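I have placed the structure first, in the form of C-alpha cells, so that the comments after it can refer back to it.
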Amino acid sequence: MYDVIVVGAGPAGSTCARYAAMGGASVLVLEKDRDVGMPVRCGEAVSNRSLEKIVDVDPRWIAATIKRFRLISPAGHVVEPDLGGYGYVLERRIFDYDLARLAVEAGAEIHTKSYVDGLLPEEHGWAGVTLSWKGERREVRGRIIVGADGVESRVGRWAGIDTTTHIRDMETCAQMTLSNVDLADDVCEFYFGNDTAPMGYLWVFPKGNGVANVGVGISGMASKKKAAIRYLQEFVDRRFPGAGVLTTVAGGVPCAVTVDSLVKGNVVLVGDAAHQVNPMSGGGITSGMIGGKMAGESIAKALRANDLSLLEEYPRQWEKEIGAKHRTYHRMKSAVYKFPDETLDDIAVSVLKLKPEKRTIWGVFKTALRHQPSLVWEMVKTFGLG
Amino acid sequence: MLLIEIKPNTCDFCGCCVGVCPEDAIELQEAHIEIIEERCTNCAKCVWVCPFEVFVFHKPARKEQAEA
C-alpha cells in the first residue's frame, strides 16, 4: 500500500512524484517502457526562464543554447523576433532520467516495464491500479492515483474525466534526429505554410556537433489528407539531402485547453495527460513540470491533513497561474491556424516593416491578429502587455 | 465488424491514436498495439491522426466487392 501511485515517468510524473515524496508521502512510479526518457518524442526546446523556475538546471541536460528564433513564412520571408530571453534545446534522454533520479532521491520508488491497464474499484473511489509486469498480472494499492500517462491519458478516462483530444487539437508529429547538418548552433527555425506544415509548424532545432532535432506537427484535421511523416520526409530530402538519420519517431501533442477536472475523487492528472501543453507552441515540458509540482505539493498536504478535499488547491492554483493563459493561447492558435498562406506572408512582410525594437514575439502576434481586435485585447488583458 | 486494420511493423507506439480514440478502444504497450474490437465503432479518428499511416480503413462496400 502506497500513499501515491504515479502512472508515467515523464517530466510531469517524475516531478509530481518528487514533490509528493519530499512532502513525506510514500510514492510508487510505474513506467510502461523499459527505459525512462526513451524514446524521445519531442522537439526538446524550452525557454531558459521557465526551466530555471521549476528545477536547478544541470548543464548536462543542455544540447544547445538558443539566442535567435527564426520564423519562416510560406514564401520564405524570414522574421527574427526578439525573444527577450534565450532558449535551450535539451537532451531529453539525460533530462528525463535525471528527473526520475531526483524523485527517487526524494524517496519515491520506480518500476519500469509496468503497464497499467485499469483502476481497482472500491466503494468510494479507487483503491489502486491493475498492471501487467513482464506478462504477470499485478495489483498495487494506493490512496491517491496520479495519471501522468501522457497523450494517451487513459487513467483519467477510467476515473470518468473526459481526456479525449479532439482531432483538431491533436498535433500529430514526426521527428528525426539528423547528423551531418550544417546549422548555426544558436538558432531555432520554425517553418509555416500549407505545403510544409498545415495547421502547425515544422521545426529545426540544433543540438550541437552537426546534429539537429527536425520535426513537424500538423493538426489531425490536416493529417486526414496527408500524414506528418510525409511532410517531414519531403522537407528533409529538400533541405538536408546529405544528412544521416539517427532516429525517426512519431508523436502526438494535445494542443487543447486543460481538462475540465484535474482532480476527481482520489485521481489527479498532470502533464500531457491533463492537457497542460501550451496550445500555441505545443511545448509541454515545463508546463507539465509546473503541473506536476503543484499536484505533488497538494497531494502531500492532503495526505498530511488526511483530507482529500485539499487536493482541490491544485486545480485552483493551476487555473490562476497557467490555465487561464492557456485558454487565450488556444483561441490565438485557433485564429492563426485558419490563416491561408497569403495572410502568413503578409504578416511576415508587415512585421519586417516594424522598427527592430518592436519586432518581439508579441509584436508578431499583434500584427498577426490585427484583424481580430478582440483577441488582441484579450491577449493584453491575459498577459498584461501594452 | 472491425473495419480498421493495423499494418504490421509500421507502428512507433506513440499514443497519438489513443489520445483521440473516443471509446478507449486501443491497447498500447511499449511495443504492442491492439484495437479492442468490442469497443471500436470504426470512427476512423485513429486512421486520420496517425503520423506514420499505420492504420488502414477498409470501406465496407469495397470489402463486399472483394469478397464477391
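The structure presented is a predicted model; accordingly, all values stated were derived computationally and were not measured. So you know, we letter chains A, B, ... as the sequences are listed, proteins then strands, and number each from 1.
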Looking at [X], I want to see if its [atom1] is surrounded by more than 12 non-hydrogen atoms of other residues, nucleotides or ligands under 6.0 Å.
X        : atom1 : answer
B:Arg39  : CZ    : yes
A:Arg239 : CZ    : yes
A:Tyr97  : OH    : no
A:Asp260 : CG    : no

Item to check | Part of residues 153-164 of chain A lying next to chain B, heavy-atom separation under 4.5 Å | outcome: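 Residues of residues 153-164 of chain A touching chain B at under 4.5 Å: A:Arg154, A:Arg157, A:Trp158, A:Thr163, A:Thr164.
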First locate atom [atom1] of [X], then atom [atom2] of [Y], and finally report the distance between them rounded to the nearest 0.5 Å.
X        : Y       : atom1 : atom2 : value
A:Ser223 : B:Lys45 : OG    : NZ    : 13.5 Å
A:Asp149 : B:Leu28 : CG    : CG    : 11.0 Å
A:Arg41  : B:Phe13 : CZ    : CZ    : 9.0 Å
A:Glu152 : B:Cys21 : CD    : SG    : 12.0 Å
B:Gln29  : A:Lys32 : CD    : NZ    : 9.0 Å
A:Ile229 : B:Thr10 : CD1   : OG1   : 11.5 Å

Give the member of [options] that has the highest number of heavy-atom pairs under 4.5 Å with chain B.
options                                : value
A:Pro254, A:Cys173, A:Gly150           : A:Cys173
A:Met170, A:Lys225, A:His166           : A:Met170
A:Ser219, A:Ala222, A:Gly252           : A:Gly252
A:Lys113, A:Arg34, A:Lys226, A:Glu171  : A:Arg34
A:Val216, A:Asp169, A:Thr248, A:Asp272 : A:Thr248

Item to check | Residue pair A:Ile167 / B:Val49: nearest heavy atoms and the distance that separates them | outcome: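 Heavy atoms only, the tightest pair is CG2-CG1, 3.6 Å.
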Next on the checklist: If I compare all heavy atoms of A:Ala250 with all of B:Phe52, which pair ends up nearest, and what's the gap?
Outcome noted: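 Distance-wise, the nearest heavy atoms are N-CZ, 3.5 Å.
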Next on the checklist: If I measure from the heavy atoms of chain B, does A:Arg230 come under 4.5 Å with its side chain, its backbone, both, or neither?
Outcome noted: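 Only the side chain of A:Arg230 comes within 4.5 Å of chain B.
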Checklist entry - Of all of B:Cys50, B:Gly19, B:Cys11, B:Ala31, which one pairs up most often with chain A through heavy atoms under 4.5 Å apart? => result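 That would be B:Gly19.
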Item to check | Pairs of heavy atoms under 4.5 Å with chain A: top-ranked of B:Pro51, B:Cys16, B:Gly15 | outcome: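 When all of B:Pro51, B:Cys16, B:Gly15 are compared, B:Pro51 has the most.
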Item to check | Contact check, side chains of A:Tyr115 and B:Glu27, non-hydrogen atoms, under 4.5 Å | outcome: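 Counting from C-beta outward, A:Tyr115 and B:Glu27 do come under 4.5 Å.
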